[in-house]
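One structure below.
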There are 2 protein chains.
Amino acid sequence: MQPVTIRDVARAAGVSSATASRVLSGNPATSEASRDRVTAAAAELGFSPNAQARSLRSTRTDSIALLISDVRNPYFADLAHAVEQAARNRGLVTFIGNANEDPAQQDEFLDAMMSRRVDGVLLVPQGLDSDGGTRPSPAVEHLLTRDIPTVLVDRTLAGVAAPHVTASSTAALHDAVARLARDGHRRIAFIGGPEHTSTAAERYADFRAALAAHGLDAGDDLHFHGDFRTPSGAEGARWLLGLEERPTAVVIADSPMAIGALAVWREAGLAAGTDLSVIAFDDIEAFALHDPPLATISHDLTDMGRRAVDTLADLMAGQPAASTVLRSTFTDRASIGPAAERNPA
Amino acid sequence: MQPVTIRDVARAAGVSSATASRVLSGNPATSEASRDRVTAAAAELGFSPNAQARSLRSTRTDSIALLISDVRNPYFADLAHAVEQAARNRGLVTFIGNANEDPAQQDEFLDAMMSRRVDGVLLVPQGLDSDGGTRPSPAVEHLLTRDIPTVLVDRTLAGVAAPHVTASSTAALHDAVARLARDGHRRIAFIGGPEHTSTAAERYADFRAALAAHGLDAGDDLHFHGDFRTPSGAEGARWLLGLEERPTAVVIADSPMAIGALAVWREAGLAAGTDLSVIAFDDIEAFALHDPPLATISHDLTDMGRRAVDTLADLMAGQPAASTVLRSTFTDRASIGPAAERNPA
DNA sequence: TTGTACGCGTTATCAC
DNA sequence: GTGATAACGCGTACAA
């Protein structure tokens, strides 16, 4: 079936396409008579305006793009949900894209979005060029040189001046390490994310700083380099089991890695909170499956999503927009216990 | 900055816009000389073609829409990931939309997608009109009358003739009930999804049939009506605890409800596999957090996503497309144990 | 209040 | 192989 155009509607209503257009876009300069006939005809024919043609004229699409790192990571799924609801409240449609933690897929999606002239972009940046260089990837540079309203979310990117909405875990990690230190923990491991992401780098730096503040060993040998995904969490867990002098506590930098790690430790017979104290980043619903309940460091993602959309809206309105840094929360739960004796006799 | 058009590129390359277009869209009727100059100019100016204008001419957008019920449900997140990868392999961009299990949000997204003239739609339908009527929602009817290639995924919809890619759990539920019956279970509860979704209805019907096949009580009083979300799983768990004669086993129709239910039961001191045997639909990574490991009934979502895209591609190519019904798998794990004694002395 | 005519950026159709 | 030109569907300045 041929798509129904505004001309078809106009013909059916016995008016010109200009009048039909005016009626359909709410222009007040229309008579009641034509208004009735046009709306009736449009409904009758099932007219759906061609957004391509419309935005070719008006250069506005009332849509934004959201690029996340990994749809299957509950953290980003929650963020996507929050952004979508906030955007919907402003009459914006959200196109969600999945980068798979891969700069190439990120760029593909961004190119498609720029081609479709979205009004703005919310970007969880996927790190630098695959060249290993120090510049942002081509599509991201393109975004900036073309002055497309862009807000970085969750992560920042070196050399990119766009405003961002992120979360700082400095205080939460300080609290968490204080709690561990109080319970006698001296060797605390860190299962981190990929170095090139700002979140991974910051979380580890904050962790080191918190250790130092409590007079604990701040060597780099208790740092496992994961990639934010489940299998690398399992690897990290095995790495920890293989350490000569086993740490008594561990901090894991996101929830998929925590899932992978906890499964390995349980299989190895380690009880969380008893044999090994565990703190995981993110506080996802599925953590309720774990016994004992997991201590977490988490962000309010609804807030993050809402603020990201607010910031982007400012930018799209031509107003200058400031960056926001939210605070993370440390939640103490039973997966933290007293440090086990070292080398029990 | 003004967007760079193909005319700018043509001018910079010293050719006509027609030649520039031919070069940029890979038309072989071009000389090596102009090819070089045009590609150089395009790169120099950072040209990005306007997809609106392009598809205004060519009526193809090389994009598809995927509407899922709930981004935060890992089942649909996995499906979205699978679809996206499969579509990408065919050069199609996927726009993911989230309906929140709400027909109104479904229709909003579908309208936006129709406006943008996507080449096809993969739809997890959100049930009937809010009127409670028996017809599909307006946007879905629109999709069909306009003959937009559409494939139903995961769920079907009464009265909609579009091909579908779904999964049948008939055999898996038969296996699961057989396993429970063998272990002495006679009272088996079912925490189901919303009746108006085909998956919820089918799963419950198959469950009832499996019970009957094993000569078990098939009354309707052990059926809790949930909504596929975590809080309703918790409600279902409390409902089960309040039953006069407590069932010894339970089947839960999706993973978020399982998460909600298991947390409640643990808090109440019930051990899965000992006090209550548990089988959950879906086999998500996060289930690894649970001890003992959960018995599951699951689908291969990568397969489902791939086939959905295959089917849609056939439709878009004008070929007739057949529906596919995949088979679910029952995985026996330690959350199933012997039926506890009833009314122990 | 309404209709005519033009242009948004691109591709397809013709001539050359 | 290349260039001029029409057309995609819509919104709007202008004229009536």
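Here is how names work: the chains are called A, B, and so on, in the same order as the sequence lines, proteins then strands, and each is numbered from 1.
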- Message: In this structure, how many angstroms lie between the C1' atom of C/dG7 and the CG atom of A/Leu56, rounded?
- Response: 9 Å
- Message: Please report the distance, rounded to the nearest Å, between CD1 in A/Ile6 and C1' in C/dT2.
- Response: 14 Å
- Report yes or no: does A/Asp119 contribute a side-chain atom to a donor-acceptor pair with the main-chain N or O of A/Ile64 at less than 3.5 Å? no
- Side-chain donor/acceptor of B/Arg57 to base of D/dA7, under 3.5 Å: yes
Enumerate the protein-to-nucleotides 1-5 of chain D contacts in which both atoms are nitrogen or oxygen and the separation is below 3.5 Å.
from: D/dT2; atom 1: OP1; to: B/Ser31; atom 2: OG; distance (Å): 2.5
from: D/dT2; atom 1: OP1; to: B/Ser34; atom 2: OG; distance (Å): 2.9
from: D/dT2; atom 1: OP2; to: B/Ser31; atom 2: N; distance (Å): 2.8
from: D/dT2; atom 1: OP2; to: B/Ser31; atom 2: OG; distance (Å): 3.4
from: D/dT2; atom 1: OP2; to: B/Ser34; atom 2: OG; distance (Å): 2.9
from: D/dG3; atom 1: OP2; to: B/Ser16; atom 2: N; distance (Å): 3.1
from: D/dG3; atom 1: OP2; to: B/Ser16; atom 2: OG; distance (Å): 3.1
from: D/dG3; atom 1: OP2; to: B/Thr19; atom 2: OG1; distance (Å): 2.5
from: D/dG3; atom 1: N7; to: B/Arg22; atom 2: NH2; distance (Å): 2.6
from: D/dG3; atom 1: O6; to: B/Arg22; atom 2: NH1; distance (Å): 3.3

- Item | Exercise: do A/Arg22 and A/Thr30 side chains pair donor with acceptor under 3.5 Å | no
- Ignoring hydrogens and geometry, is there a side-chain-to-backbone donor-acceptor pair from A/Thr39 to A/Arg35 under 3.5 Å? yes
- Message: Which nucleotide wins on minimum distance to the side chain of A/Ser21, given the candidates D/dC8, C/dT10, D/dG11?
- Response: D/dG11
- Item | Atom-pair distance (CG on A/Asn50; C1' on C/dT10), nearest Å | 14 Å
- Query: If you look at every strand shown and take non-hydrogen atoms under 4.0 Å, does A/Arg54 touch a base, only sugar-phosphate, or nothing?
  - Reply: sugar-phosphate
- Query: So, B/Ser137 and B/Gln106: side-chain donor and acceptor under 3.5 Å apart, yes or no?
  - Reply: yes
- Query: Roughly, in whole Å, what's the span from CD in B/Gln52 to P in D/dG11?
  - Reply: 13 Å
- Message: Expressed as a whole number of angstroms, how long is the span from A/Asp8:CG to D/dC8:C1'?
- Response: 14 Å
- Task: Just report the end-to-end axis angle for the helix from C/dT1-D/dA16 to C/dC16-D/dG1, five pairs per end, to 10 degrees.
- Result: 40°
- Rounded off to whole Å, could you give me the CZ-to-P distance for the B/Arg117 and D/dC8 pair? 14 Å
- Message: I'd like to know if the side chain of B/Arg155 pairs up with that of B/Ser69 as donor and acceptor (distance under 3.5 Å, no hydrogens or angles considered).
- Response: yes
- Does B/Asp107 use its side chain to pair, donor to acceptor, with the backbone of B/Ala104 at less than 3.5 Å? no
- Quick one: pull up CG in A/Leu79 and CE in A/Met304 and give me the separation to the nearest 0.5 Å. 7.0 Å
- Query: Are B/Asn100 and A/His81 linked by a side-chain donor-acceptor pair shorter than 3.5 Å?
  - Reply: yes
- Restricting to pairs with a member in residues 303-322 of chain B, which pass salt bridge (charged side-chain N to carboxylate O under 4.0 Å, His left out), not counting sequence neighbours? B/Arg90-B/Asp310, B/Asp303-B/Arg306, B/Asp303-B/Arg307, B/Arg306-B/Asp310
